[in-house]
Protein chains: 2
Amino acid sequence: MKEPTFPDSPLADLCRERGLKLTGQRRTIAFVLSDSDDHPDVEELYRRAVEVDPRISIATVYRTVRLFEENGILQRRDFGGGRARYEVADGDHGDHYHLIDADSGKVIEFENPELDALLDNIVREMGYDLVTTRLSVVGRRKAKPR
Amino acid sequence: MKEPTFPDSPLADLCRERGLKLTGQRRTIAFVLSDSDDHPDVEELYRRAVEVDPRISIATVYRTVRLFEENGILQRRDFGGGRARYEVADGDHGDHYHLIDADSGKVIEFENPELDALLDNIVREMGYDLVTTRLSVVGRRKAKPR
DNA sequence: TTGCAAATGATAATCTTTCTCATTAATAGG
DNA sequence: CCTATTAATGAGAAAGATTATCATTTGCAA
């Protein structure tokens, strides 16, 4: 059986750095994730992974995605629709947020330092340190963009 | 069989106002919801509803909760843990948000007009009208509150 | 009060995710 | 480089949450 060849992805390196065993499947999944700039669910990740290496099972995708989330490599998102979706975790810099088009369901990412700061403040004043922010706003395209 | 007697709740009125048929079960569920100030999941709602009127099935709770959500009476929340949780929808005034204790999982509600305004602004500048905000911040209690 | 469309109850079916367990593979040490 | 050990994987079963089915019941308008 032939091993598919592709370079180690940034996420694969991250995986090794965290002391996780870098198996072929994890290498593949990490590659696929590094290559994605959207928010795939597990089914979709599995589809993409199989393209790269058919010797992979959906159970492993579930396992890997969970492992990566526990290790801060991935973040799980819920945009409705019943299945969890994943994206590469933000670095130490600013978080990013999601605007969901109420009609099309399309997900638009945005950043906003002012929002970062305000949230940090609010949480601190309540006596907590901010760990994660899960924010998605649902919006409807304005009828008359001026 | 005896009908349980209790007054129409605010949510029951809302239900009628929206032109939804006010069945005994919906009246019961609305009552239970009006009486709750937490974020019960369907199982928990079912438990509370059965207390009031045992002639109710969990299927109906699922159906009602979905109906109420579609009609803007309830909002569905995801705090992790695999099941959807529900709360009475905010009025036209300010939204409210959730701080989740990272260690205990406890949900703490808060409001913040500044945050309302900022989100509204951000979304407007992206060409959208804000429909709903889903925000929960996960925080960890500070070790040394000064 | 009656008729009918809609809602309900009980349970089957579906969908997503996790678990089980026999097999396979990664890695440290020789 | 080879081997042993320990963890990861594959395939499918199982679990958990939610939705669908269909015969029966009920709200509500006429």
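Convention: sequence-line order gives letters A, B, ...; per-chain numbering from 1.
Among the atoms of the strands shown, none is found under 4.0 Å from any heavy atom of Ile58(B).
Under a 4.0 Å N-O distance rule, the pair Arg141(B)/Asp101(B) does not qualify as a salt bridge.
Atom CG in Leu20(B) sits about 8 Å away from atom P in dA7(C), given to the nearest Å. Per the geometry, CD belonging to Glu44(B) stands 18 Å off P belonging to dG16(D), to the nearest Å. Note: CZ (Arg63(A)) to C1' (dC19(C)) measures 9 Å, nearest angstrom. Atom CG in Leu22(B) sits roughly 14 Å away from atom C1' in dA6(C) (whole-Å rounding). In this entry the distance linking OH of Tyr46(B) with P of dT8(C) reads 14 Å, nearest Å. For the pair Ile29(A) CD1 and dT9(D) C1', the interatomic distance rounds to 11 Å; values are reported in whole Å. The nearest whole Å value for the distance from the CG atom in Asp53(A) to the C1' atom in dA25(C) is 13 Å. For the pair Leu67(A) CG and dA7(D) P, the interatomic distance rounds to 14 Å; values are reported in whole Å.
In this model, the phosphate group of dT19(D) is approached by a side-chain N or O of Arg66(B) to a distance below 4.0 Å at OP1 or OP2. The phosphate of dT18(C) (OP1 or OP2) has no side-chain N or O of Tyr62(A) nearer than 4.0 angstrom. Between Arg16(B) and dG27(D), a side-chain N or O to OP1/OP2 separation shorter than 4.0 Å is absent.
Residue Thr60(B) has its side chain nearest to dG9(C) when only dG9(C), dT19(D), dC19(C) are considered. Checking dG9(C), dT17(C), dC28(D) against the side-chain heavy atoms of Ile56(B) singles out dG9(C) as nearest. Of the candidate nucleotides dA26(C), dT18(D), dT8(C), dA26(C) has the atom nearest to the side chain of Thr23(A). For Arg83(A), whose side chain is taken as the heavy atoms from C-beta onward, the closest listed nucleotide among dT17(C), dT27(C), dG10(D) is dT17(C). Listed candidates were dG9(C), dC28(D), dT18(D). Nearest to the side chain of Lys21(B) is dC28(D).
Looking at Asp41(B), Asp38(B), Asp35(B) one by one, the single match for salt bridge (Lys or Arg N to Asp or Glu O under 4.0 Å) with Arg48(B) turns out to be Asp38(B).
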Can you give each donor-acceptor pair under 3.5 Å made by side-chain atoms of residues 63-72 of chain B, sequence neighbours left out, with the distance rounded to 0.1 Å?
from     : atom 1 : to       : atom 2 : distance (Å)
Thr64(B) : OG1    : Thr60(B) : O      : 2.7
Glu69(B) : OE1    : Arg76(B) : NE     : 3.4
Glu69(B) : OE1    : Arg76(B) : NH2    : 3.0

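Note on ring orientation: taking the six-membered ring where Trp is involved, the planes of His39(A) and Phe79(A) are perpendicular (angle over 60°, cut-offs 30° and 60°).
A donor N or O paired with an acceptor N or O is not found under 3.5 Å between the base of dG27(D) and the side-chain atoms of Arg26(B). Judged by distance alone, with hydrogens and angles left aside, Arg27(B) brings no side-chain donor or acceptor close enough to the base of dG27(D) to form a pair under 3.5 Å.
Residue whose closest nucleotide on DNA chain D sits further toward the 5' end, between Gly24(A) and Gln25(B): Gly24(A). The nearest heavy atom of DNA chain D to Gly82(B) and to Ser57(A) marks one nucleotide each, and the one closer to the 5' end goes with Ser57(A).
Smallest separation of non-hydrogen atoms from Val131(A) and Ala102(B): CG2-CB, 4.4 Å.
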Decide yes or no on side-chain contact (heavy atoms from CB on, under 4.5 Å) for Asp8(B) and Arg16(B), but give the supporting numbers first. CA-CA 10 Å; Asp8(B) 275 10; Arg16(B) 228 192 313 257; 2.3 Å; yes

